[in-house]
Amino acid sequence: MIKRKLGINIDHVATLRNIRGNNFPSVSKAALVALSSGADSITVHLREDQRHIKPSDVLLLKKILNIPLNLEMALTKKMISFATKVKPEFVCLVPEKRKELTTEGGLNLFYNLSLLKKSILKLKSTNIAVSLFIDPEIRMVKQAIKLKADNIEIHTGSYCNFLNNKNKIKSRLEFNKIKSAAKFASKNNLGVHCGHGLDYISTKNIRAIKEISEYNIGHFVISQSVFDGLSNVIKKLSKIIKN
Ligand code: PXP
């Protein structure tokens with residue numbers, strides 16, 4: 001039986017902080033609250049335009065945390081070099097477009113292959129576990145296996161959108177794609193994580209897929225915290241995932 005874990009993405013604490021240009025709300029304080037409320041790891045996405053998390057946040061988090069730090073980042077030489085200096089426990093490679101509001105779709109593991117292969121090797125040789133953020137497609141899972149990634153993170157964004165829009169047929173189809181990809185990956189010894197757009201309901205549904213061991217949740221956590229408080233939201237998610 002796989003032990004399920006909760007990763008809390010605190011990017012949007014930094015979004016709020018950056019609006020006023022001072023250190024409130026504090027990203028490191030949010031990480032410590034997440035930790036004491038049941039988070040198993042802290043996730044941050046250092047975007048190339050540094051619109052929320054800054055390199056200094058990543059350095060500070062690495063210093064103060066005693067739980068794994070998961071650094072999401074684009075596949076660029078600059079980011080790979082930063083990661084190998086900071087040495088987070090996990091790196092999740094994601095596609096990145098400057099103008100997108102959030103990560104739209106998974107990484108195409110057939111593009112930029114030479115850099116992708118070299119980067120995975122370099123990160124792994126620095127003792128960083130590599131995760132690839134992909135759409136729930138078997139061909140992508142097969143390619144992740146070939147590339148010797150440690151984990152995949154399945155993009156749950158489309159599923160969550162269909163679910164929120166009450167599109168039963170499409171949400172069921174998307175759920176089945178996630179399930180097949182997770183099963184295939186797990187059979188082939190890849191760790192299976194998931195993330196994007198998750199809230200209480202979608203997390204509870206996805207929990208039925210027993211091969212998924214880690215949930216990375218951000219926007220919903222910070223948004224729902226406006227009403228219920230950060231600690232309460234994380235405790236509730238932790239309960240949904242782990243019970
Ligand atoms: N996982 C990955 C790889 C992401 O890029 C993001 C968004 O930064 C998330 C999880 C969290 O998504 P959300 O903020 O929608 O919960």
Side-chain angles (χ1 to χ4, degrees), residues 5-16 18 27 30-31 34 39-54 57-58 61 68-76 79 83 88-109 123 129-136 140 144 149-164 174 178 181-182 185 191-206 212-226 230 233-234 236-238 240-241:
K5 291 181 178 170
L6 172 62
I8 295 295
N9 179 317
I10 53 172
D11 291 349
H12 296 304
V13 176
T15 304
L16 288 172
N18 296 350
V27 165
D40 298 289
S41 60
I42 296 295
T43 295
V44 286
H45 186 169
L46 177 60
R47 296 189 73 101
E48 285 181 282
D49 61 8
Q50 297 181 18
R51 71 172 75 146
H52 35 60
I53 291 295
K54 312 283 178 206
D57 292 320
V58 184
L61 288 169
L69 180 64
N70 176 25
L71 177 61
E72 294 173 357
M73 54 181 227
L75 176 67
T76 66
M79 286 294 174
E89 285 71 10
F90 297 96
V91 157
C92 181
L93 295 173
V94 301
E96 209 172 282
K97 294 184 210 127
R98 285 279 161 128
K99 292 210 172 112
E100 67 191 356
L101 289 177
T102 181
T103 317
E104 295 162 355
L107 190 65
N108 186 333
L109 305 184
L123 292 166
V130 179
S131 179
L132 302 173
F133 189 49
I134 57 169
D135 288 326
M140 288 298 171
D150 300 288
N151 305 296
I152 54 163
E153 179 166 327
I154 300 180
H155 196 313
T156 49
S158 295
Y159 168 66
C160 294
N161 280 339
F162 289 134
L163 194 70
N164 291 339
E174 207 49 44
I178 296 170
V192 189
H193 304 169
C194 71
H196 217 282
L198 293 168
D199 59 13
Y200 293 141
I201 296 170
S202 44
T203 299
K204 201 169 179 178
N205 293 349
I206 297 241
I212 295 181
S213 63
E214 187 174 304
Y215 295 69
N216 283 307
I217 312 179
H219 185 263
F220 172 76
V221 172
I222 307 306
S223 307
Q224 190 65 28
S225 297
V226 170
L230 185 58
V233 176
I234 295 173
K236 189 163 170 182
L237 275 171
S238 180
I240 292 171
I241 289 169

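Given the structure is predicted, the values throughout are model-derived calculations rather than measurements. We count ligands from 1, going down the list as the structure has it; atoms in each ligand are counted the same way.
- If you number the atoms of ligand 1 from 1 as listed, the ones under 4.0 Å from a heavy atom of G218 come out as 13 (P), 14 (O), 16 (O).
- Checked by distance only, ligand 1 and H12 stay at 3.5 Å or farther apart across all their nitrogen or oxygen atoms.
- N205 and S202 form no side-chain donor-acceptor contact under 3.5 Å, judged by distance and modelled atom types alone.
- Rounding to the nearest 0.5 Å gives a distance of 9.5 Å between OH of Y159 and CG of N164.
- Polar contact with ligand 1: present for E153 (N/O pair, distance under 3.5 Å).
- Ligand 1 places these atoms under 4.0 Å from at least one heavy atom of H45: 8 (O).
- For the side-chain contact (heavy atoms from CB on, under 4.5 Å) with H193, the qualifying choice from I152, L132, N151, T43 is N151, the only one to do so.
- Proximity to V94 (heavy-atom distance under 4.0 Å) selects the following atoms of ligand 1: 3 (C).
- Looking at E153, E214, E72 one by one, the single match for side-chain contact (heavy atoms from CB on, under 4.5 Å) with S131 turns out to be E153.
- Residues P95 and G105 share a closest heavy-atom pair of CG-O, 3.2 Å.
- Close approach to I217 involves these atoms of ligand 1, each under 4.0 Å from a residue heavy atom: 16 (O).
- Applying the side chain to side chain donor-acceptor pair (under 3.5 Å) test to S238 and every residue at least two apart in sequence or in another chain returns K242.
- When non-hydrogen atoms are compared, ligand 1 lies under 4.0 Å from the backbone of H219 as well as from its side chain.
- The side chain to side chain contact (heavy atoms under 4.5 Å, CB included) test applied to T76 returns E48, A74, K78, M79, not counting sequence neighbours.
- Ligand 1 has at least one atom lying under 4.0 Å from a heavy atom of F133.
- At a 3.5 angstrom cut-off on N or O pairs, L198 does not count as close to ligand 1.
- Here E72 has side-chain heavy atoms under 4.0 Å from ligand 1, and that is the only part of it that gets that close.
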